[in-house]
Every structure is written in C-alpha cells, then in structure tokens.
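First the proteins, then the strands, lettered A, B, ... as listed; each starts at 1. Quick caveat: nothing in here was measured; it's all calculated off a predicted structure.
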Protein chains: 2
Amino acid sequence: MPSPKSIGKMVSVIHRYGHSYFDHEFSDLDIGHGPRNFLAALFCREGMTQDELSESLMMDKTTTARAVKQLVQAGYVLRKRDEDDHRYYHLYLTDKARDLAPRIWDARSKWTEVLSKGFTEEEKELIYIFLDRAADNAAKFREEGFKLSPG
Amino acid sequence: MPSPKSIGKMVSVIHRYGHSYFDHEFSDLDIGHGPRNFLAALFCREGMTQDELSESLMMDKTTTARAVKQLVQAGYVLRKRDEDDHRYYHLYLTDKARDLAPRIWDARSKWTEVLSKGFTEEEKELIYIFLDRAADNAAKFREEGFKLSPG
DNA sequence: GGTATATAGTTGTAGATACAACTATATGAG
DNA sequence: CTCATATAGTTGTATCTACAACTATATACC
C-alpha cells in the first residue's frame with residue numbers, strides 16, 4: 001500500500017478497516033473473520049467442496065482447509081465425503097450457522113453502506129463495476145504468472 | 001470478503017493478489033512486503049517519525065515499529081532520536097534504500113497499470129476518486145467507533 | 001492389473017497485521 | 001517541585017494468509 005493516495009493504499013485501508021469492523025461487530029463469536037467469510041460463502045451455495053469454496057472466494061486452498069477446520073470444530077459446518085469420489089468433502093451448514101446468517105448479511109450491508117456513503121446510485125454501480133474489472137485484471141495477471149499480457 | 005461479487009470480496013482479491021505480485025517481484029530482497037511499503041512511504045517524506053509514518057499509511061503503530069526494526073536491521077533506514085523531544089525517532093534513508101526506489105516505483109506503476117487495464121482515462125480517474133472517498137468513509141467510520149454518523 | 005499423472009485436501013512454515021498492555025519521555029496543574 | 005496526564009514507541013499474543021511439500025484418492029494408458 002503505497003504512500004501518497006494510490007489505489008493500492010486505498011484498497012489496503014478498506015480491506016484492513018473492514019477486517020477491524022467485522023471483528024468488532026462479531027467479537028462475541030467463537031470463530032474469527034477468516035472462517036466467517038468462508039461460512040458466508042457457504043450460505044450462498046451449500047454443499048460445495050473445499051476446492052469450490054476456495055475458488056468462490058479466490059483464496060488459497062490451504063487457507064480454506066484451516067478455516068473449514070475451525071468451522072467444523074465450532075459446530076457451524078459438517079463435512080461429508082463424496083460417495084463416488086472419496087477425495088472430495090462436501091460442506092453443509094448446521095442450525096448454529098443458519099441462525100448466524102442474518103447477522104452476517106446485516107453487517108455486510110452496513111459495511112457496504114458505510115463505504116458508499118455520499119455516493120449517488122449511479123456511482124455505487126460504477127465503483128462496483130470498476131472494482132469487478134480491476135479484480136478480474138488482477139486475477140488474470142496472476143494466472144499468467146505476473147506477466148503482462150498484450151493489449 | 002463476501003461470496004458473490006461484493007465490494008468487500010473484490011477489495012480482498014485486489015489486496016491479496018497485489019501482495020502476491022509484489023512478493024514475486026521482490027523475492028530477491030532481504031525485506032518483505034510490509035517493510036517495503038513503509039520504506040516507500042519514507043521515499044515520499046524522509047525524516048518522518050514512526051507515528052507520522054503510521055498515520056501516512058493508516059497503519060497501526062505497532063506494525064510500523066516492527067517494520068522499521070526490520071528496515072533498520074537490513075540497512076535501509078537509520079533512526080535518530082529527536083534532539084528536543086526524546087520520545088521521537090526520525091527515520092532516514094540509506095543509499096541501499098535509495099538504490100531500491102526506482103524498482104519499487106516501477107513495480108507500483110506496473111500494478112496500477114494491470115489493475116486499470118481496459119479502463120479509459122476518465123474511468124481511471126473515477127475509480128481513484130471513488131476509492132479515495134470509500135477509504136475516507138471507512139476511516140471516519142472507524143474513528144467514530146464503528147457507529148454510523150447521521151447523513 | 002500396474003504404473004504415471006492429475007486432483008482434493010493437509011501440514012509446515014513464515015510474514016503481515018491489529019489490539020492490549022507495557023515503558024519511557026514530556027507537559028501541565030497545583 | 002511533584003504528581004497526573006498525554007504521547008512515542010515496544011512487546012506479547014492471536015489471527016489471517018500464502019507457498020512449498022506432503023498424503024490420499026482417482027483416472028488413463030500400457
């Protein structure tokens with residue numbers, strides 16, 4: 001995160017302060033910020049395998065493995081081996097997880113609201129589109145081994 | 001970092017992939033990503049105290065303390081006590097640091113270029129302005145103890 | 001069937017970061 | 001001057017994360 005106001009620094013600030021906010025908002029929980037994010041992804045698509053979960057959040061699969069471990073230990077998630085292919089685990093939510101869902105969505109809405117305070121509806125759409133494109137550019141760059149592709 | 005394509009998730013991806021990129025680009029160095037960012041901030045304003053440095057990057061002062069320690073140990077930075085107020089350290093660059101500056105600016109330019117690939121000049125300005133406002137909103141929210149201020 | 005290769009998940013390890021609690025120095029009120 | 005308070009910096013600790021190397025299972029080719 002660069003020093004004058006570069007995109008990198010601003011992204012860093014938003015990322016870190018978001019982390020702080022969610023930690024503050026959920027300080028009573030028995031899981032941390034990381035596992036909570038994986039849990040939220042599962043709310044959207046239950047039954048995913050760990051690799052699918054990793055991909056949905058664009059996180060390393062080792063980070064996923066550890067987060068899932070905590071979610072299982074804390075009773076939010078159940079793992080079931082795939083019947084046909086024993087390499088896979090499918091991930092399912094417990095009632096404890098489901099009870100938590102509304103709080104998580106609320107906090108996320110609030111955070112988005114905070115970030116986009118003072119934005120017009122059009123601007124809210126634009127920042128979303130721009131960030132999506134920037135994240136996509138970053139992902140492609142990474143896939144190419146951090147080499148600039150022509151164009 | 002939420003699961004569908006939320007702002008939070010996209011910011012997380014950009015942040016983490018940027019970290020990966022810079023680690024890759026500077027894998028030969030004797031300092032890591034964190035200290036390197038503090039060093040870059042010092043290129044912009046040499047002589048800052050640690051607290052000023054923390055504030056310029058909006059980072060916790062304990063993170064700064066550890067980064068500065070590494071920068072000093074690796075020979076990039078010199079610390080000098082303030083003559084008048086012995087609580088302060090002022091931070092100065094060594095030649096080793098100065099030699100590194102161009103590489104760091106180049107990598108940063110490249111990263112910005114990567115992120116904004118496919119953006120028009122106007123869009124590049126807009127995402128910058130929007131992120132600045134969002135980061136500012138985040139900072140104010142945090143200062144207020146994560147309470148929504150009216151407006 | 002048996003070996004090479006691919007894929008899912010785990011473990012070791014190291015770095016970045018924040019918060020709480022601490023030390024050291026300075027300032028201000030009496 | 002002295003004690004209370006404020007400020008700069010440090011240390012203890014915990015979490016999040018990625019990369020390298022690993023294990024276990026499955027698929028494909030002979």
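Separating the CG atom of A/D51 from the P atom of D/dT25 is a distance of 16 Å, rounded to the nearest angstrom. Look at CG on A/D60: it is 12 Å from C1' on D/dC16, rounded to the nearest Å. A/D23 places its CG atom 15 Å from the P atom of C/dT17, with the value rounded to the nearest Å. Per the geometry, CG belonging to A/L53 stands 19 Å off P belonging to C/dT7, to the nearest Å. Remark: P of D/dT10 and CZ of B/R66 are 10 Å apart, rounded to the nearest angstrom. Remark: P of D/dT15 and CD of A/Q73 are 12 Å apart, rounded to the nearest angstrom. Rounding to whole angstrom units, CG of residue A/D30 and C1' of D/dA14 are separated by 16 Å. Atoms NE2 (A/H33) and P (C/dA18) sit 12 Å apart, rounded to a whole Å.
Distances shown here put a side-chain N or O of A/Q50 below 4.0 Å from the OP1 or OP2 atom of C/dT10. Contact annotation: B/Y89 does not reach the phosphate of D/dG9 (side-chain N/O to OP1 or OP2, under 4.0 Å). For the pair A/K69 and C/dT11, the criterion of a side-chain N or O lying under 4.0 Å from OP1 or OP2 is met. The side chain of A/R142 contributes no N or O atom lying less than 4.0 Å from OP1 or OP2 of D/dA18.
Each of A/H86 and A/G32 was assigned the nucleotide of DNA chain D with the nearest heavy atom; the assignment lying further toward the 5' end belongs to A/G32. In terms of position on DNA chain D, the residue among A/E83 and A/F38 whose nearest nucleotide sits closer to the 5' end is A/F38. Mapping B/R87 and B/I31 onto DNA chain C by nearest heavy atom places B/I31 closer to the 5' end of the strand.
Inter-residue side-chain proximity for B/R108 and B/F22 is flagged as met; some heavy-atom pair is nearer than 4.5 Å.
If you check every strand for non-hydrogen atoms under 4.0 Å, A/S20 touches sugar and phosphate atoms only. Nucleic acid contact for A/T64: none, since no nucleic acid atom lies under 4.0 Å from a heavy atom of the residue. Residue contacts for B/D82: at a heavy-atom cut-off of 4.0 Å it reaches no nucleic acid atom on any strand shown. When heavy atoms are screened at a 4.0 angstrom cut-off, B/D85 is found touching the sugar-phosphate backbone but no base atom.
At distances below 3.5 Å, at least one donor-acceptor pair connects side-chain atoms of A/R133 with backbone N or O atoms of B/G118. Within the 3.5 Å criterion, the main-chain N or O of B/F119 finds no donor-acceptor partner in the side chain of B/S116.
With salt bridges taken as basic N to acidic carboxylate O contacts below 4.0 Å, one links A/K96 and A/D30. At a threshold of 4.0 Å, the pair B/R36-B/D23 counts as salt-bridged, since one of the basic side-chain nitrogens sits closer than that to a carboxylate oxygen.
If you take CD1 on B/I7 and OG on B/S12, they are separated by 13.5 Å, rounding to the nearest 0.5 Å.
With hydrogens and angles ignored, no donor-acceptor pair closer than 3.5 Å exists between the side chain of B/R36 and the base of C/dG15. Taking only distance into account, the side chain of B/R16 never meets the base of C/dG15 through a donor-acceptor pair shorter than 3.5 Å.
With distances taken from any side-chain atom of B/A65 to the nucleotides D/dT11, D/dT17, C/dA18, the minimum falls on D/dT11.
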